[in-house]
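A quick write-up on the structure given underneath.
Worth knowing before you read on, the calculation uses all heavy atoms, side chains too, and leaves out hydrogens, waters and symmetry mates.
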Amino acid sequence: TSRVTIAATDESDLTTSDGGAGFLAALQIGEGTWEYVEGSTRKSRAGGYSPAVRRQIMRAFESLARDFNTLFNDTSFHRADPYLDEVRSALRATVTEAIDSRIPGGSSPTGGYTQTMKTDFGISFDFGDKAGDVFRFTESKQRSLARSLNTQTGARDFHGLFFGESASDPGLIDRMLDIVATAEQELRIQRGSTGLFVDIPV
């Protein structure tokens with residue numbers, strides 16, 4: 001019996017997908033993410049991200065949540081700044097639009113504008129929090145995200161929201177970074193600043 005083998009070219013996870021064409025099924029090759037293990041490759045359960053990728057995502061989003069909350073915490077800055085207010089407003093609008101466009105019922109309007117946005121995979125934003133704890137990423141929410149990333153649907157929805165579907169459809173991460181980068185550039189022009197306005201790692 002003839003057999004087709006697909007393998008990664010380096011020591012990394014391998015994702016197989018034929019976009020619903022049925023090509024891989026005809027070759028008896030399953031779709032999903034295959035986790036690299038020294039000497040072999042094993043399939044990630046439920047078709048989501050592999051454990052290694054999930055750990056990387058969790059670490060990156062812990063750091064992102066800290067930096068995002070610092071930006072919305074007034075005690076992090078010596079005085080009010082119009083540039084800071086503009087960045088906050090732009091981020092609020094971007095997060096609201098991104099979640100509203102992908103998650104029906106994800107936002108909760110209060111007092112004429114949206115304060116709370118929730119996703120289906122454990123991440124939420126509360127712009128009404130006066131202490132600056134806007135990006136909610138508590139331990140319980142981290143566990144919820146980890147569970148979602150282990151499923152094909154959860155991994156797909158997470159990637160679509162935060163990283164987009166294509167080059168012409170930027171995700172929330174790129175859109176937020178563009179806002180911060182633009183504000184930093186304008187601040188440098190106006191004030192001759194050479195320091196970073198804020199650092200959000202990806």
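Heavy-atom minimum distance, Ser144 versus Gly122: OG-CA, 3.6 Å. The minimum heavy-atom distance between Asp133 and Asn69, with the atom names listed, is OD1-ND2, 3.4 Å. Scanning both residues, Ala155 and Gly48, for their nearest heavy atoms gives CB-CA, 4.2 Å. Listed here is the closest heavy atom pair of Leu149 and Met58: CD1-SD, 4.5 Å.
Glu62 meets the side-chain contact (heavy atoms from CB on, under 4.5 Å) test with Arg66, Phe137, Gln142; sequence neighbours excluded. Taking Thr138 as the reference, Ser140, Lys141 meet the side-chain contact (heavy atoms from CB on, under 4.5 Å) condition, with sequence neighbours excluded.
When atom types are taken as modelled, the side chain of Arg54 and the backbone of Tyr49 share a donor-acceptor pair closer than 3.5 angstrom. No donor-acceptor distance shorter than 3.5 angstrom exists from the side chain of Arg136 to the backbone of Ile123, with no hydrogens or angles considered. Put simply, the side chain of Ser101 gets close to the backbone of Ala98: a donor and an acceptor are under 3.5 Å apart. Asp126 contributes no side-chain N or O that, together with a main-chain N or O of Thr116, makes up a donor-acceptor pair within less than 3.5 Å.
Of the options Thr96, Leu172, Leu71, a side chain to side chain contact (heavy atoms under 4.5 Å, CB included) to Leu91 is made by Leu71 and by none of the others.
Using bins of under 30°, 30° to 60° and over 60° for the plane-to-plane angle, the ring pair Phe61/Phe162 lands in the perpendicular bin.
Taking the six-membered ring for Trp and the full ring otherwise, Phe68 and Phe125 have centroids separated by under 6.0 Å.
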Please set out all donor-acceptor pairs under 3.5 angstrom arising from side-chain atoms of residues 173-182, sequence neighbours excluded.
unit_1: Arg175; atom_1: NH1; unit_2: Glu97; atom_2: OE1; d: 3.0
unit_1: Arg175; atom_1: NH2; unit_2: Glu97; atom_2: OE1; d: 2.7
unit_1: Thr182; atom_1: OG1; unit_2: Asp178; atom_2: O; d: 2.8

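Sorted by first and then second residue, the pairs that involve residues 155-167 and meet salt bridge (Lys or Arg N to Asp or Glu O under 4.0 Å), not counting sequence neighbours, are Arg102-Glu165.
Taking CG from Asp120 and OG1 from Thr153, the interatomic distance works out to 10.5 Å, rounded to the nearest 0.5 Å.
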